[in-house]
Amino acid sequence: MRLSRPAIAALACTAALALSNCAKEPGTEESAPTPPPPSATAAPSHANVTGERILAADSEPGEWLSYGRTYGEQRFSPLKQIDKGNVSGLKLAWYGDLDSKRGQESTPLFIDGVLYFTTAWSKVKAYDAATGKELWAYDPQVDGKWGVRACCDVVNRGLAAWNGKLYLGALDGRLIALDAATGKVLWSKVTVDQSKPYTITGAPRVVKGKVIIGNGGAEFGVRGYVTAYDAETGDVAWRFYTVPGDPAKGFESPAMEMAAATWKGEWWKLGGGGTVWDSMAYDPDTDLLYIGVGNGSPWNQAYRSAGGGDNLYLSSIVALNPDTGDYVWHFQETPGETWDYTATQHIIVADLPINGEKRKVLLHAPKNGFFYVVDARTGEFISGNNYVDVNWATGLDPKTGRPIENPDARIDKTGKPYLVVPGPGGAHSWHPMSFDPETGLVYIPANIGGFPFFPADGWEPKKIGFNIGIDFAPAAMPADAAIKEATLSSVSGQLIAWDPVAQKAAWRVDYPGAGNGGLLSTAGGLVFQGTKGGEFIAYDAATGAKLWSSDVQTGVSAPPMSFELGGKQYIAVVAGWGGVEALAPGEIGAKGAGRPNRSRILVFSLDGDASLPSVSDPAPLPLDPPALTASSETVAHGAELYARFCTVCHGDAAHSAGLLPDLRLSPVTADHDAFNKVVIGGERTANGMVSFKDVLSDEDAEAIRAYVISRANEDVKLLEEATKRGQ
């Protein structure tokens with residue numbers, strides 16, 4: 001555990017000479033001409049956002065100028081026209097259909113009458129917020145091949161706005177500046193080495209004229225970092241790496257040298273991980289930028305850093321100087337993490353009464369299941385407690401906050417499997433929380449459940465697919481009715497109202513499945529959340545009582561937001577089931593869902609008079625697989641390969657969670673040649689299903705097909721047995 005440290009020397013790239021070198025590094029090339037700076041006196045006609053305006057966001061409570069509304073990312077709206085007394089009359093004002101059937105995770109910005117938001121595949125939309133008329137749309141034309149590099153769907157979480165521009169982080173690693181009035185590209189920069197499996201799904205932030213963007217890819221084998229670009233020109237201002245590189249090449253900064261002392265072996269050959277794929281926050285009082293750092297690459301520390309070590313700055317909150325990118329302090333939540341316990345979850349800056357004094361703190365509920373209150377100025381641990389059941393640790397050291405680990409959960413050291421709670425999906429994933437300063441509560445979209453971690457024997461990285469050092473094959477859901485029932489009954493979701501001062505729950509609402517939507521709280525005494533089952537709900541912020549709901553015809557992952565226009569308050573949410581819960585977990589991810597993806601922007605008001613078109617959810621298709629002709633050895637080989645290369649998209653045990661094709665039902669599976677053309681020939685690359693010929697042979701592809709057919713036949717038998725039992 002590391003606590004407060006003084007600021008240390010600047011990153012190499014902050015010096016003028018180094019900046020010129022950084023700009024020439026692979027992954028920072030300019031991909032569009034840089035325009036001349038705009039006139040200093042010309043106010044933009046659209047998205048006229050400045051730092052001063054964001055700092056004074058509460059003086060314009062009807063606007064939503066940045067990702068979390070304020071720099072502190074509290075996601076609390078001061079609007080209160082819609083309140084506990086009248087929310088039962090909330091109705092749909094207008095909606096817009098979106099041209100995608102993939103997961104939607106964006107938070108719209110509302111700036112001077114216009115709603116701006118992103119959709120799947122990094123597309124951008126602008127709507128007249130009063131009428132619902134689409135003003136313009138932008139498609140960055142991301143190549144479908146990037147889909148296989150996205151661990152958790154081809155999603156995008158939103159935009160940043162500054163001085164008439166909108167900033168988009170595209171899935172293929174580009175940072176793109178758009179004219180907010182027209183959607184035209186002003187400049188575009190490639191922020192990553194595109195020969196490596198990096199992606200961007202997170203929303204940029206703009207602080208003091210610099211656009212801050214991170215990246216993803218730690219499941220595949222990359223080194224994480226965050227970069228600041230000049231908002232006007234797109235020039236690199238600074239870059240902060242989150243894990244050290246090859247010591248023989250020198251360290252970019254003293255922060256990397258300090259971190260390297262906490263690693264073992266030749267970690268840099270596997271990337272190290274630590275991607276900053278989501279959370280950031282800024283506080284003007286401390287003048288610090290806070291970033292959440294992700295998991296190790298690979299997950300299994302036995303391969304990543306043989307011999308252990310804390311592996312800084314994995315699973316840490318890191319505070320940086322926003323002007324230079326200098327390290328200031330860090331707080332590591334899961335030292336030497338080996339369970340995909342990221343710290344990339346939503347970071348909130350707030351003022352709390354601590355021991356009778358007001359302190360500026362960070363509020364954090366990362367994947368590992370503990371809720372942390374940390375001093376925002378120094379990184380000092382103030383308090384912590386588990387907000388869900390956990391078994392990987394028995395608690396936190398009361399002075400340092402370091403977890404007191406359960407040795408049996410250290411699968412990297414024991415070499416033995418262990419059912420770890422929470423699982424890699426986390427007790428809380430990316431879905432934003434909300435802090436209500438009036439109730440003093442933090443609202444957490446939580447997940448309940450564990451995962452059987454099996455350390456992989458003789459693991460080696462591959463060019464395509466997850467590189468995590470964990471074997472998914474023995475962890476796959478077996479074709480056993482009793483085990484299925486027990487497993488599914490152990491998984492659920494919750495909305496938790498958490499008292500960060502007392503470190504305990506004020507109330508909880510249960511959901512049948514994990515992976516429900518992000519949150520919004522308002523001065524009307526309300527908390528809004530969408531569910532994976534297709535319900536959009538308003539709760540009493542003080543008690544958790546359900547006050548209103550609407551059937552939105554599809555699952556909701558994205559967080560709502562609120563705005564005011566023409567004297568009326570609106571609530572908006574981008575709906576469309578997807579994300580990791582709709583992919584890798586298979587049957588577990590499907591629990592509590594069941595509605596197809598119908599991607600839309602939905603806007604509600606008290607006088608709304610719109611309605612969604614009537615729909616009928618499709619009936620489940622019957623399983624009718626071909627007879628299994630392959631040997632048991634071939635099926636077993638296919639099971640190993642499926643788990644390594646196919647589970648992440650098509651679902652555990654060949655059971656789709658609902659977003660992508662269920663291979664057990666696909667006619668392609670029944671045809672050897674058709675299956676081979678897709679898996680080896682890359683026939684559907686445009687849809688994200690690239691060729692796997694670099695890692696699979698024709699015989700391997702046929703073994704995977706045999707496994708899918710085998711699972712389909714086993715599932716048919718389970719259904720027949722359940723029918724006989726009357727279930």
Side-chain angles (χ1 to χ4, degrees), residues 148 151 197 219-221 270 297-300 302-304 338-340 411-412 415-420 423-424 451-480 483-484 487 583-589 625-626 628-657 660-664 666 668-669 672 675-676 678-680 689-715:
V148 77
C151 75
E219 273 65 50
F220 302 93
L270 297 173
S297 182
W299 295 357
N300 190 338
Y303 292 108
R304 182 182 73 240
T338 202
W339 309 280
D340 191 24
I411 53 98
D412 55 307
K416 299 176 181 179
Y418 193 75
L419 178 61
V420 181
F451 181 78
F453 279 83
F454 285 78
D457 293 329
W459 174 85
E460 293 181 355
K462 299 294 184 181
K463 186 176 180 180
I464 303 177
F466 267 27
N467 284 310
I468 58 176
I470 300 296
D471 191 350
F472 281 171
M477 181 79 80
D480 182 297
I483 295 177
K484 274 193 174 191
T487 302
L583 296 171
E587 243 179 311
I588 291 173
L628 178 64
T629 59
S631 68
S632 59
E633 291 80 9
T634 296
V635 171
H637 180 54
E640 292 287 339
L641 295 172
Y642 181 94
R644 178 78 191 261
F645 299 108
C646 310
T647 288
V648 63
C649 290
H650 289 286
D652 172 62
H655 193 300
S656 171
L660 294 185
D662 191 316
L663 298 183
R664 301 170 306 154
S666 173
V668 172
T669 302
H672 165 85
F675 196 84
N676 187 273
V678 173
V679 177
I680 303 300
M689 177 60 202
V690 302
S691 168
F692 279 71
K693 66 181 180 181
D694 289 340
V695 293
L696 298 174
S697 66
D698 289 352
E699 292 75 18
D700 290 336
E702 181 60 13
I704 292 172
R705 190 175 80 91
Y707 168 70
V708 174
I709 291 172
S710 174
R711 283 306 310 232
N713 278 279
E714 289 177 327
D715 289 340

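Only a predicted model underlies this, so the values are computations on that prediction, with no experimental measurement involved.
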Colleague: Would Ile704 and Leu696 count as a side-chain contact (heavy atoms from CB on, under 4.5 Å) if you check the C-alpha gap in whole Å, the side-chain angles of each, and the deciding distance to 0.1 Å?
Modeller: CA-CA 10 Å; Ile704 292 172; Leu696 298 174; 3.8 Å; yes
Colleague: Return the set of residues passing ring pair (Phe, Tyr, Trp, His ring centres under 6.0 Å) with Phe675 (not counting sequence neighbours), or none when no residue passes.
Modeller: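 Partners of Phe675 under the ring pair (Phe, Tyr, Trp, His ring centres under 6.0 Å) test: none.
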Colleague: Within a strict 4.5 Å, meaning less than it, do heavy atoms of the Arg705 and Ile709 side chains meet?
Modeller: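 Touching, per the 4.5 Å side-chain cut-off.
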Colleague: OH/Tyr707 to CZ/Arg664 distance, rounded to the nearest 0.5 angstrom?
Modeller: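 Between atom OH of Tyr707 and atom CZ of Arg664 there are 10.0 Å.
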Colleague: With a 6.0 Å cut-off (strictly less than), is the heavy-atom count around NZ of Lys484, excluding the residue itself, greater than 12?
Modeller: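 Yes, NZ of Lys484 has more than 12 neighbouring heavy atoms, counting only those of other groups under 6.0 Å.
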Colleague: Decide yes or no for Phe453 and Thr338: does some side-chain heavy atom of the first lie under 4.5 Å from some side-chain heavy atom of the second?
Modeller: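 A side-chain contact is absent here, since even the closest heavy-atom pair is not under 4.5 Å.
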Colleague: Are any of the side-chain heavy atoms of Thr669 and Pro625 separated by less than 4.5 Å?
Modeller: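 Side chain of Thr669 against side chain of Pro625, heavy atoms only: no contact under 4.5 Å found.
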Colleague: How are the rings of Tyr303 and Trp459 set to each other: parallel, tilted or perpendicular (split at 30° and 60°)?
Modeller: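 If you compare the ring of Tyr303 with that of Trp459, the planes turn out tilted.
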Colleague: Which distance, rounded to the nearest 0.5 Å, do you find between the CZ of Phe692 and the NZ of Lys463?
Modeller: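 The distance works out to 12.5 Å.
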Colleague: Can you tell me how far CD of Glu702 sits from OG1 of Thr634, rounded to the nearest 0.5 angstrom?
Modeller: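 So the gap between those two atoms works out to 8.5 Å.
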Colleague: Looking at side-chain heavy atoms only, is the closest gap between Glu219 and Trp299 below 4.5 Å?
Modeller: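 A side-chain contact under 4.5 Å exists here.
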Colleague: His655 versus Ile588: any side-chain heavy-atom pair under 4.5 Å?
Modeller: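 Contact flag for His655/Ile588 side chains = no.
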Colleague: Applying side-chain hydrogen bond (donor to acceptor under 3.5 Å, both in side chains), run through Ser697 and Asp700 and close with a yes or a no.
Modeller: CA-CA 5 Å; Ser697 66; Asp700 290 336; 3.3 Å; yes
Colleague: Is the backbone of Ala712 close enough, under 3.5 Å, to the side chain of Asp715 for a donor and an acceptor to pair up by distance?
Modeller: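 No; zero donor-acceptor contacts below 3.5 Å.
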Colleague: Look up atom CG in Leu641 and atom CD in Glu699, then write down how far apart they are to the nearest 0.5 Å.
Modeller: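 Interatomic distance, Leu641 CG to Glu699 CD, rounded to 0.5 Å: 11.5 Å.
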Colleague: Without placing hydrogens or testing angles, list every side-chain donor-acceptor pair under 3.5 Å for residues 464-479, not counting sequence neighbours.
Modeller:
from   : atom 1 : to     : atom 2 : distance (Å)
Asn467 : OD1    : Lys462 : N      : 2.7
Asn467 : OD1    : Arg644 : NH2    : 2.8
Asn467 : ND2    : Phe220 : O      : 3.0
Asn467 : ND2    : Lys462 : O      : 2.9
Asp471 : OD1    : Ala473 : N      : 3.0

